[in-house]
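In what follows, chains carry the letters A, B, and so on, assigned in the order in which the sequence lines appear, proteins first and then strands, with residues in each chain numbered from 1.
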Number of protein chains: 2
Amino acid sequence: MVTIKDIAEMAKVSRSTVSRVLNNSGYVSEDARMRVEKVIEETKYTPSQHAKSLRTKKTKIVGVILPTIQTETSSKIVTGLGKEFSKLGYEILLANTNLNREKEMEYLDLLKVRRVDGIVLIATNTEPKLLEKINEINVPLVMVGQSIDGVMSVTYDDYHASRELTSLLIDKGHERIAFIGVDETDQAVGMRKKGFLHEMAAHQLEVSEAWLEKGIFDIESGHVAIEKILSNSRSSNKIPTALIAVTDRLAIGAISYLKKQGIHVPEDMAVAGFGASEIAQYLDPPLTTVDFQNEKAGEQAAIQLINYMHSKNHSEKIVLDYRLIERTSI
Amino acid sequence: MVTIKDIAEMAKVSRSTVSRVLNNSGYVSEDARMRVEKVIEETKYTPSQHAKSLRTKKTKIVGVILPTIQTETSSKIVTGLGKEFSKLGYEILLANTNLNREKEMEYLDLLKVRRVDGIVLIATNTEPKLLEKINEINVPLVMVGQSIDGVMSVTYDDYHASRELTSLLIDKGHERIAFIGVDETDQAVGMRKKGFLHEMAAHQLEVSEAWLEKGIFDIESGHVAIEKILSNSRSSNKIPTALIAVTDRLAIGAISYLKKQGIHVPEDMAVAGFGASEIAQYLDPPLTTVDFQNEKAGEQAAIQLINYMHSKNHSEKIVLDYRLIERTSI
DNA sequence: CTGTTAGCGCATTCAA
DNA sequence: TTGAATGCGCTAACAG
């Protein structure tokens, strides 16, 4: 591999001069610059970013830890991150935990070893051990989707979005509303449940335990959850007339089951989700959902991290706006 | 930042010894090892991968260039790649071109600058300029989804999958089949069209130009394409009874339009796609599609690249099997 | 405007 | 079993 030394010799200048033309820094005579550029062109020389990083202490790499890349949420966030980071010449080192929480910790260490300039953590929990590790590695870090005290973050307004969605359903005359949530260690998504419960309470509407189920983040579990809800509530004869699922995928799974059972959406049961997945509008019926602007979240997180790394002004916590998308599934 | 030198001093040994315990190489007395490990633990020392790379000429990073992360195809491939690479301690540097072809070239250079050990290119074209650049940078590289002579690759059997799908439709009595393709520079997807045309020809079935349209890789353009096909063919009174779209998303867009027009699927028009997207089975009606096993493609590509990098046996070209998934949309 | 020098953090001879 | 010395490829004073 050809190095800066080779270029220097071939162009009959010193390595410093080559470095100068490489980085456009300091004075270089037109003559010298030309010679150097010519040699670089001829040899197809590409400087080693590693050697450079070793000197400058900047890698221009940011690590992105995520639970899975196979959701629209994650991929949109990553797209947003990429847009902003690439503007400044940062590249993304991907750390996919595949929903394995221990790996979240491992990757934090690993990214430190890689000397990334910063880390974006698309987290699924807010356990104390996580905060501990974050402090230990001492690398600029921003969380997306979850929030911990003392850590920069970009989050969604899950709570109010959920209240508003619930309110919308109530306005439409629904009094028995079912809810499919997820594991409670996900605090952010937990706020969707809280918002739902509060809004119901605010309207003096009771929520039966029979209407509350949990799924994981796939379509199939939406299917399973609504099945349980129906069987739970059939005995009490209090069958819900509406359903809120914390993700579009859960909602899709639920709708699929309902259709198979001959239960019409929205006539027999209104259904709404969260996430504004691309597919939502093409479903039959089109799905009511909440747009959390994931791509924008990614962009904001990138900007926030960049500002921090460059010690510019940066906000500690950013809470993004949401947008209710009402469609005919309710 | 604490370095190997600090550790050496604190443990009262030389840097070489620290290096030895770090890499488990050479002889180290139990006593010395203990002291070093203790200090490492206390100081939370993490060795710099950059300095290490500079010496060893190995970065343990592979670059992945892709057109967009926001498709199931890409994200599944990346998941597959991640699985295999992480087993060997390789990390993934993500290079998202956002469908910008010039960036494909730029990233090839950039990854060279980063001294990645290898590159996975999820390509959308096979232009000569691309091959030129690949040869120029001279970094181990494997393509996924497309194939060029002299470049390692993992591809799908687009051609036969398409023929088989077409054949299935013909068996079901369809004689007028429409086809939504994409830009022809995508050779791989182009084979799906070729397979379709060949199978039709093999059955002496004519294909009207009016039934051939193109979309891009989103749902909306499926919508638009089928609209055109219908208006094209209405005049000739040869309205197709079936439709093949080269991706599930195109098919979904088409179905959405058909439903709005009161055209029933599959009674009035059978519809099939490619890609086996997760959503396909939950559609109404469930979509017939072709599973190309993208995650496996990612795994295979990773294995292939790793073998090449370690100069083990590796196959030049891998063609993956497909699986036809027949559902009630046809 | 340019070259000399030093050193980033580490692995790897070579001697001891 | 250990340490001293060297250099990976580059940037950044500093002196000229």
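Here B:Val13 lies in heavy-atom contact (under 4.0 Å) with sugar-phosphate atoms only.
Atom CZ of B:Arg114 and atom P of D:dC10 are 14 Å apart (whole Å). Taking atom CG of residue A:Asp6 and atom P of nucleotide D:dG9, one finds them 8 Å apart after rounding to whole Å. The nearest whole Å value for the distance from the CE atom in A:Met1 to the C1' atom in D:dC8 is 13 Å. Between B:Ile4 atom CD1 and C:dC8 atom P there is a gap of 13 Å when expressed in whole angstrom units. Summarising the geometry, the separation between NZ on B:Lys5 and P on C:dA6 is reported as 15 Å, rounded to the nearest angstrom. Taking atom CZ of residue B:Arg33 and atom C1' of nucleotide D:dG3, one finds them 17 Å apart after rounding to whole Å. Atom NE2 in A:His50 sits about 14 Å away from atom C1' in C:dG9, given to the nearest Å. Note: CD (B:Glu9) to P (D:dA4) measures 11 Å, nearest angstrom.
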Under-3.5 Å N/O pairs linking protein and nucleotides 12-16 of chain C:
residue, atom, partner, partner atom, Å
C:dT12, O4', B:Arg55, NH2, 3.2
C:dT12, O4, B:Ser16, OG, 3.4

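Nearest-nucleotide positions on DNA chain D for B:Asp31 and A:Val18 put B:Asp31 closer to the 5' end. Between A:Thr46 and B:Gly26, the residue whose closest nucleotide on DNA chain D is further toward the 5' end is B:Gly26.
Under 4.0 angstrom from either OP1 or OP2 of C:dC10 there lies at least one side-chain N or O belonging to B:Tyr45. Phosphate contact (OP1/OP2 of D:dT1, side-chain N/O of B:Thr17, threshold under 4.0 Å): absent. Note on B:Ser14: a side-chain N or O is less than 4.0 Å away from OP1 or OP2 of D:dG3. Using a 4.0 Å cut-off, no side-chain N or O of B:Lys57 falls inside it from OP1 or OP2 of C:dA11.
A salt bridge does not link A:Lys112 to A:Glu136: none of the charged nitrogens lies less than 4.0 Å from a carboxylate oxygen. A salt bridge does not link B:Asp321 with B:Lys296: every distance from a Lys NZ or Arg NE/NH1/NH2 to an Asp or Glu carboxylate oxygen is 4.0 Å or more. Under the 4.0 Å criterion applied to side-chain N and carboxylate O atoms, A:Lys133 and A:Glu104 are not assigned as salt-bridge partners. A salt bridge is absent between A:Lys129 and A:Glu132; no separation between the charged side-chain nitrogens and carboxylate oxygens falls under 4.0 Å. Salt bridge annotation for A:Lys103-A:Glu106: absent, with no cationic side-chain nitrogen under 4.0 angstrom from a carboxylate oxygen.
The shortest non-hydrogen separation linking A:Ile122 to A:Pro67 is O-CD, 3.3 Å. Closest approach of A:Arg114 and B:His50 over heavy atoms only: O-NE2, 3.2 Å.
Qualifying side-chain hydrogen bond (donor to acceptor under 3.5 Å, both in side chains) partners for B:Arg101, counting only residues two or more places apart in sequence or in other chains: B:Thr185.
Note that the two end axes of the helix from C:dC1-D:dG16 to C:dA16-D:dT1 enclose an angle of 40°, each drawn from 5 base pairs, rounded to 10 degrees.
Side chain to side chain, B:Asn294 and B:Tyr156 meet the donor-acceptor criterion of an N or O pair below 3.5 Å. A:Lys317 and A:Thr155 are not linked by any side-chain donor-acceptor pair at a separation below 3.5 angstrom, with hydrogens and angles left out of the test.
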